[in-house]
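The block underneath contains the structure these notes are about, expressed in structure tokens.
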Amino acid sequence: MSLSTGPSTGPPNAIPPDSPLLLGLNPEQRAAVALPREHALILAGAGSGKTRVLTTRIAWLLQTGQISPAGVLAVTFTNKAAKEMLNRLSAMLPLNVRGMWIGTFHGLCNRFLRAHWKQAQLPQSFQILDTQDQLSAIKRLYKQYSVDDERFPAKQTQWFIAACKEDGVRPPDVQARDAEARKKVEIYQLYEDQCQREGVVDFGELMLRSYELLRDNDALREHYQRRFGHVLIDEFQDTNRLQYAWIKQLSSSSSAVFAVGDDDQSIYAFRGARVGNMADFVREFGVRHQIKLEQNYRSHSHILDSANELISHNKGRLGKNLRTDQGPGEPVRVHESTSDFAEAQWMVEEMRQLLRDGQNGDGSQGVHSRNEIAVLYRSNAQSRVIETALFNAGMPYRVYGGLRFFERAEIKHALAYLRLLENPRDDTSFMRVVNFPPRGIGTRSTEQLQDAAHSAGCALHDAVSAVSGKAGANLSAFVAKLDVLREQTHGMGLRDIIETVIAHSGLVEHYQAEREGAERVENLQELISAAESFVSLEGFGRDAVALPVDMDTGEPADTGETLSPLAAFLTHAALESGENQALAGSEAIQLMTVHAAKGLEFDAVFVTGMEEGLFPHENALSDHQGLEEERRLMYVAITRARKRLYLSHSQTRMLHGQTRYNIRSRFFDELPEHALKWLSSPAPGLNPASAWGPSREPAPVSSSTDWTAAIKPLANASSPGAHAWVRGGVQVFHHKFGEGTVLSLEGSGEDARAQVKFGRHGIKWLALSVAKLTPI
DNA sequence: TCCAGCCACTTTTTT
DNA sequence: AGTGGCTGGA
């Protein structure tokens, strides 16, 4: 580390190193916070005080007068992280949030495009399509142009478009080799035209349009480069190609990019994240300062040893080893159960014990609050059994994930009405509510309307007069209703607008008549409250999404073109989909996927379903990269725990309505034996398979291949009769695929299938009644 | 046009 | 198992 030298630009580094801001930081953290004005990469391990360093860095830059608030650009991925940063910052110094650019990638791009909507060739009040909206827009387009949904599934097209945009690729730039690829590109182009015509942008477009505007408009780019002396990025390992390119546009020789990330916690490759951006950043920006934060303030060393050992099995890491001053603590407990049901049962018992010990003041042994216990799983489907067990035990719990507030159907409907007031051209919203609540406008009518709009090249809203007969009358009535509402709400405050629109939409009456509609009506009420609190949001929260910004001062521009409160609120709804679940703060066991747990920490953590095919997930097993990402995911799971960590696997598990027989995860074999405590059979030992002897013949015992493990014979009638010898871990021969290893089984009788890993042919699912498998 | 029943799907997710 | 989307009959 070379830290003693002063910066080549900006004020001298003559700031007293004993500034109160730096107190309590370890040497590496201090070094990071007080770095000179140069590009830097901070490799921040789990629990190493990453957010603290990031926020203290900003506070330090401001307090020492090295930069003014308008010169700071700080980017995160989630609204939660952005809020956290702002909260911590304002706790450190009196904060002038005006003109400070702290937010999510998409939030900041939105802000940028609102400020420069003309140059970006967008309507001022452009609306944002979320993932649902985008899919329905594509489906609408499919109908219009008679695209075969069988050959080009809309979901895949959506994925394709998103992936293109994440790579910064417009339709003309796509490399299309065959006819099928050319068709996809054609659809992509049609989709783009449709969005542009309707005045809407999807999430990818927010980023891409911002990037292109910066790239192509020299004056604008230079302005922002001059303005942002410091660019700080959180979770850098999660950035995609486009985000990286965007950062490049915003930085110049006079600015400093401060990237914080952890390559070992990169778990979002499936949505375009490129860990490689870290290495690229070092190379392309000529990064001289790389600081590793390896001091962990979260976990005891048995837990950290496990994490370190596991992740050491990955190749091509930037290299990092967590350490702690806390003692070894308790061993990592490993548990095996016979079924997912039994696993859940066992967990409930263990939780009870933990909480009992915590209450008795038994010090280190227990956990004092249910909030401090988390159950992590690889896939959402696993939560059900656990929920049932917790429910039956009367143990309060909270499940994260699932529908967010602004994604609920009733809310989307209400928002669609509101969006149509703001922008009648928004055909996605038009289609969503044209017949909701039902008003006699069926498929037939809308098809006529769509055809009319298509041939006239106008919006659905403007084509109603072209439809004749009863259908035309109904459509006209609907449009008239919208127009009246628009007139009626003109000049109203946000709350009143929303209240009026909900009242006249017929949504409340519709849901009131429904059996399960009460909650939906409540949610509509909640939307009104949400609007109220949005209005009362002071300063940053609203400015961030709403106001155009003066290019020179960074202050909100008084252009007389201020975005309407309604448009601002709609943007807010699209960019911040709301809390995952209410009940926050209540005393409850926390249930979530490992992905959702990233960034969180708990006293006690249960990682469940540690089985081959589940964790690591079968879909990730085919390639090396996939497996390494699974391992990083496991690393994230382990490092969530402060004091106690449980790793649990089960011999059988209900999945998609069928019992599957799984062998335990290979990750167990990558953990340090000294840190583990086996709560149940298999007995401890480096090779648990040996507990059942070395037999390999059609016997109820596994092979001794290193990563496979022993599976007990299943004492039940559902095991696949004639193929009873086919078990997890057994070596088999297939006439076509050659030698392989059975990974897992599912189904029974005629339906029994085995998942087999073959050397050259990869992993296959084989129906036992068809495939001729012989034991080796 | 609407609703009921059938079929296919099922890793992870933020904006 | 559970859900969401689609088809076909009323």
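Below, read A as the first sequence line, B as the second, and so on, with proteins coming before strands; counting in each chain starts at 1.
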Q: Report the residue from Thr131(A), Leu208(A), Leu129(A) that forms a side chain to side chain contact (heavy atoms under 4.5 Å, CB included) with Phe203(A).
A: Thr131(A)
Q: For the side chain of Ser577(A), starting at C-beta, report the closest nucleotide among dT11(B), dT15(B), dT14(B).
A: dT15(B)
Q) Want to settle it: does Asn619(A) or Gly442(A) sit nearer the 5' end of DNA chain B, counting the closest nucleotide to each? A) Gly442(A)
Q: With the side chain of His106(A) defined as its heavy atoms from C-beta on, choose the nearest nucleotide among dT11(B), dT15(B), dT1(B).
A: dT15(B)
Q: Report which part of the nucleic acid Asp238(A) touches: base, sugar-phosphate, or nothing (heavy-atom distance under 4.0 Å, all strands).
A: nothing
Q. Between Phe270(A) and dT13(B), do the rings stack, that is, sit under 5.5 Å apart with planes less than 30° off each other?
A. no
Q: Would you list the pairs meeting side-chain hydrogen bond (donor to acceptor under 3.5 Å, both in side chains) in which at least one residue belongs to residues 152-165 of chain A, sequence neighbours left out?
A: Gln134(A)-Gln158(A), Tyr142(A)-Thr157(A), Lys165(A)-Glu192(A), Lys165(A)-Asp202(A), Lys165(A)-Glu205(A)
**Q.** Of residues 73-84 of chain A, the positions that come close to DNA chain B - non-hydrogen atoms, cut-off under 4.0 Å
**A.** Phe77(A), Thr78(A), Asn79(A)
Q) Rounded to whole angstrom units, what separation is found between the CG atom of Leu206(A) and the P atom of dT14(B)? A) 17 Å
Q) Taking only N and O in the side chain of Asn380(A), is any of them less than 4.0 Å away from OP1 or OP2 of dT13(B)? A) yes
Q) So what does Ile441(A) touch, heavy atoms closer than 4.0 Å: a base, only the sugar-phosphate, or nothing? A) sugar-phosphate
Q) Can you tell which of dT13(B), dT11(B), dT15(B) lies closest to the side chain of Arg378(A)? A) dT11(B)
(Q) Other residues, nucleotides and ligands only: do more than 12 of their heavy atoms fall within 6.0 Å of CZ on Phe341(A)? (A) no
Q) Can we say Arg271(A) and Glu166(A) salt-bridge, meaning some charged N sits less than 4.0 Å from an Asp/Glu carboxylate O? A) no
Q) Counting just side-chain N and O atoms, does Thr593(A) come under 4.0 Å of either OP1 or OP2 of dT13(B)? A) yes
Q: Please work out which of the three classes, parallel, tilted or perpendicular, describes the rings of Tyr188(A) and Phe160(A), given edges at 30° and 60°.
A: perpendicular
**Q.** Minimum-distance nucleotide (side-chain atoms of Arg384(A) versus dT11(B), dT13(B), dG2(C))
**A.** dG2(C)
Q. Taking the side chain of Ser445(A) as its heavy atoms from C-beta onward, which of dC2(B), dA1(C), dT1(B) lies nearest to it?
A. dT1(B)
Q.
By the 4.0 Å heavy-atom rule, please label Phe105(A) as base, sugar-phosphate, or nothing.
A. nothing
Q: Specify the separation, in whole Å, of atom CG of Leu575(A) and atom P of dT13(B).
A: 20 Å
**Q.** Sub-6.0 Å ring centroid separation between His313(A) and Phe667(A)
**A.** no
Q: Provide, to the nearest angstrom, the distance between the CD atom belonging to Gln127(A) and the C1' atom belonging to dT15(B).
A: 15 Å
Q | Along DNA chain B (nearest heavy atom to each residue), the more 5'-positioned of Leu633(A) and Thr131(A) | A | Leu633(A)
Q) What do you reckon, do His595(A) and the base of dT12(B) stack, with centroid distance below 5.5 Å and planes below 30°? A) no
Q) Taking the side chain of Arg271(A) as its heavy atoms from C-beta onward, which of dC6(C), dT13(B), dT15(B) lies nearest to it? A) dT13(B)
Q: Without swapping roles, check the side chain of Ser665(A) against the backbone of Phe615(A) for a donor-acceptor pair under 3.5 Å.
A: yes
**Q.** For atom CG of Asp130(A) and atom P of dT13(B), their distance in whole Å
**A.** 16 Å
Q | Glu205(A) CD - dT14(B) P separation (whole Å) | A | 22 Å
Q) When you measure from the side chain of His656(A), which nucleotide among dT11(B), dT10(B), dT15(B) comes out closest? A) dT10(B)
Q) Within the distance-only criterion (no hydrogens, no angle test), does the side chain of Asp340(A) pair as donor or acceptor with the backbone N or O of Met654(A) below 3.5 angstrom? A) yes
Q: Classify the nucleic acid contact of Asn435(A) as base, sugar-phosphate or nothing, counting any heavy atom under 4.0 Å across all strands shown.
A: sugar-phosphate
Q | Length of the line joining Asp149(A):CG and dC9(B):P, which is rounded to integer Å | A | 12 Å
Q.
Could you tell me how far apart Glu612(A) (CD) and dT11(B) (P) are, to the nearest whole angstrom?
A. 17 Å
Q.
Output the rounded distance in Å from CZ (Arg209(A)) to C1' (dT15(B)).
A. 17 Å
**Q.** cation_pi(Arg140(A), Tyr191(A)) dist<6.0 Å, angle<=45
**A.** no
